[in-house]
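Contents: one structure, followed by commentary.
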Amino acid sequence: MTYLPYGKAAGGSWSVEITPALAGWTYSGLRVADLGGSVSFSTGEEEMLVLPLSGSCTVMCGGERFELTGRASVFAGPSDFAYIPISTDVTVEGSGRIAFPSARATRRLAPRYVPASEVPVEIRGAGQASRQVNNFCAPGVFECDKLVAVEVLTPSGNWSSYPPHKHDTPNEGEAVLEEIYYFEVAGDGLGYQRVYSSERGQIDTLAEVSSGDVVLVPYGYHGPSMAAPGYDLYYLNVLAGPAEERSMAFCDDPRHAWIRSSWDGQAIDARLPFGRTS
């Protein structure tokens, strides 16, 4: 089970509830709430982020209170966010679609708030492989025990997560990671996500995705993520793995690695960045 259309992974208060048990792995998780009031829970063994996809909310945990301004949509620019440690009771109040990326962890860090202005925005690729990465919880940017999360925005007609790559074999230059793709598509549109086999195991997914859909990547090459003409594509990547040091190191599919050199001399798509002018 790698493709979960919106509603397939709903549970309780959550419109999306991906736990390690449901995914059949050990670390990575994601919950999404279509919030119109409040939700309360305990993080248990998971460290967690509170990330508005649309709307705003207040986070109360461990004696702290964080007001998240949020955003109108994922295409309006990065959002502020909060970090919630393991073994913490949480109440979130507000209105909008709120994501809760998570990872099983053992080290307890302090609750924290990060404003949107401090989220690093990176433009990757060139030409029709131009895309934007909001590195809000990338290694070296924000401290967690196990959790890694970034947002990727792909203008309509472009490809991202390209060339295809993998994180499934422990060696120099590659980290072992369980990865979740959560999608939003502008204008109630559609996109496509590819996942295919590597030396680690057999997997074969080509999913048509729309807002609220999830693709799980336990292993294998993943990419491209394809934004259909007319529809900008967003995905939230949630990653975690067994390594002591957090890393997003990857290995390109050697058949397609040459694509990176083809970007030399190509212009960056002028539609980028989304929602930020400086």
Side-chain angles (χ1 to χ4, degrees), residues 3-19 22-23 28-41 43 46 48-61 66-84 90-103 113-116 119 121 132-137 147 149-154 156 179-191 193 207-216 225 227 231-239 274-276:
Y3 169 58
L4 297 168
Y6 185 66
K8 182 72 172 180
S13 301
W14 309 109
S15 54
V16 174
E17 185 180 22
I18 305 295
T19 64
L22 183 146
S28 295
L30 173 67
R31 294 163 180 82
V32 178
D34 289 309
L35 201 60
S38 67
V39 61
S40 297
F41 57 93
T43 57
E46 296 175 290
M48 190 173 293
L49 305 175
V50 184
L51 175 74
L53 302 174
S54 63
S56 59
C57 62
T58 301
V59 181
M60 292 160 284
C61 66
F66 303 122
E67 301 287 345
L68 302 188
T69 302
R71 52 191 165 181
S73 81
V74 293
F75 300 102
S79 177
D80 52 355
F81 68 95
Y83 172 85
I84 313 300
V90 188
T91 295
V92 180
E93 297 179 348
S95 178
R97 182 168 285 187
I98 313 298
F100 299 80
S102 64
Y113 167 83
V114 177
V119 174
V121 173
Q132 173 180 333
V133 184
N134 298 336
N135 287 307
F136 70 102
C137 186
L147 178 60
V150 300
E151 300 179 303
V152 181
L153 298 101
T154 311
S156 65
E179 185 164 5
I180 300 169
Y181 279 71
Y182 168 86
F183 294 90
E184 295 278 344
V185 187
D188 294 323
L190 59 103
Q193 177 67 42
E208 181 176 298
V209 295
S210 56
S211 292
D213 291 357
V214 172
V215 171
L216 305 178
S225 304
Y231 300 110
D232 297 327
L233 178 69
Y234 162 97
Y235 49 91
L236 170 64
N237 282 145
V238 183
L239 311 96
F274 287 91
R276 179 177 280 188

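Residue pairs meeting the salt bridge (charged side-chain N to carboxylate O under 4.0 Å, His left out) criterion with at least one member in residues 49-58: none, sequence neighbours excluded.
Ala207 and Tyr3 make their closest contact through CB-CD1, 3.6 Å (heavy atoms, listed as atom of the first residue, atom of the second, distance). Shown here for Pro101 and Leu236, the closest heavy-atom pair between the two residues is CG-CD2, 4.0 Å. Considering every non-hydrogen atom in both Glu93 and Leu35, the closest pair reads C-CD2, 3.9 Å. When all heavy atoms of Leu22 and Glu17 are compared, the closest pair comes out as CD1-O, 3.8 Å. Contact detail for Ala9 and Leu4: the closest heavy-atom pair is CB-CD1, 4.1 Å. When every heavy atom of Ser54 is checked against every heavy atom of Ser73, the shortest pair comes out as CB-CA, 4.3 Å.
In this structure, Ser79 OG and Leu51 CG are separated by 5.5 Å, a value rounded to the nearest 0.5 Å. Going from atom OG1 of Thr91 over to atom CE of Met60 covers 5.5 Å, rounded to the nearest 0.5 Å.
Taking the side chain as every heavy atom from C-beta outward, Leu147 and Val238 approach each other to under 4.5 Å. Residues Arg31 and Ile98 are not in side-chain contact: their nearest non-hydrogen atoms beyond the backbone lie 4.5 Å or more apart. Side chains of Phe66 and Val50 form no contact here, defined as non-hydrogen atoms less than 4.5 Å apart. Contact check for Asp213 versus Pro5: side-chain heavy atoms found under the 4.5 Å cut-off. Side-chain contact between Leu49 and Cys137: present, with at least one pair of heavy atoms (C-beta onward) separated by less than 4.5 Å. Side chains of Ile180 and Asn237 form no contact here, defined as non-hydrogen atoms less than 4.5 Å apart. In this structure, Val185 and Ser211 have side chains that are in contact, with non-hydrogen atoms separated by less than 4.5 Å. Taking 4.5 Å as the limit, some side-chain heavy atom of Val215 sits within range of a side-chain heavy atom of Phe183.
One N or O on the side chain of Asp232 and one on the backbone of Ser156 form a donor-acceptor pair closer than 3.5 Å. Between the Ser15 side chain and the Val32 main chain, a donor and an acceptor come within less than 3.5 Å of each other.
Scored by the ring-ring contact (aromatic ring centres under 6.0 Å, His included) test, Phe100 finds Trp14, Phe41 as partners (sequence neighbours excluded). Listed by chain and number, the residues in a ring-ring contact (aromatic ring centres under 6.0 Å, His included) with Tyr182 amount to none (sequence neighbours excluded). With sequence neighbours excluded, the residues forming a ring-ring contact (aromatic ring centres under 6.0 Å, His included) with Phe75 are Phe274, listed by chain and number. Shown here are the salt bridge (charged side-chain N to carboxylate O under 4.0 Å, His left out) partners of Glu179, two or more places apart in sequence or in another chain: there are none. Qualifying salt bridge (charged side-chain N to carboxylate O under 4.0 Å, His left out) partners for Asp80, counting only residues two or more places apart in sequence or in other chains: none. The salt bridge (charged side-chain N to carboxylate O under 4.0 Å, His left out) test applied to Arg71 returns Glu151, not counting sequence neighbours. Every residue was checked against the side chain to side chain donor-acceptor pair (under 3.5 Å) condition with Ser13, not counting sequence neighbours, and none meets it. Every residue meeting the side chain to side chain donor-acceptor pair (under 3.5 Å) condition with Thr154, not counting sequence neighbours, appears here in chain and number order: Ser160. Among residues two or more places apart in sequence or in another chain, the salt bridge (charged side-chain N to carboxylate O under 4.0 Å, His left out) test is passed with Glu208 by none. Remark: Tyr83 engages Phe142 in a ring-ring contact (aromatic ring centres under 6.0 Å, His included) (not counting sequence neighbours). In this view, Thr43 satisfies the side chain to side chain donor-acceptor pair (under 3.5 Å) rule with no residue, not counting sequence neighbours.
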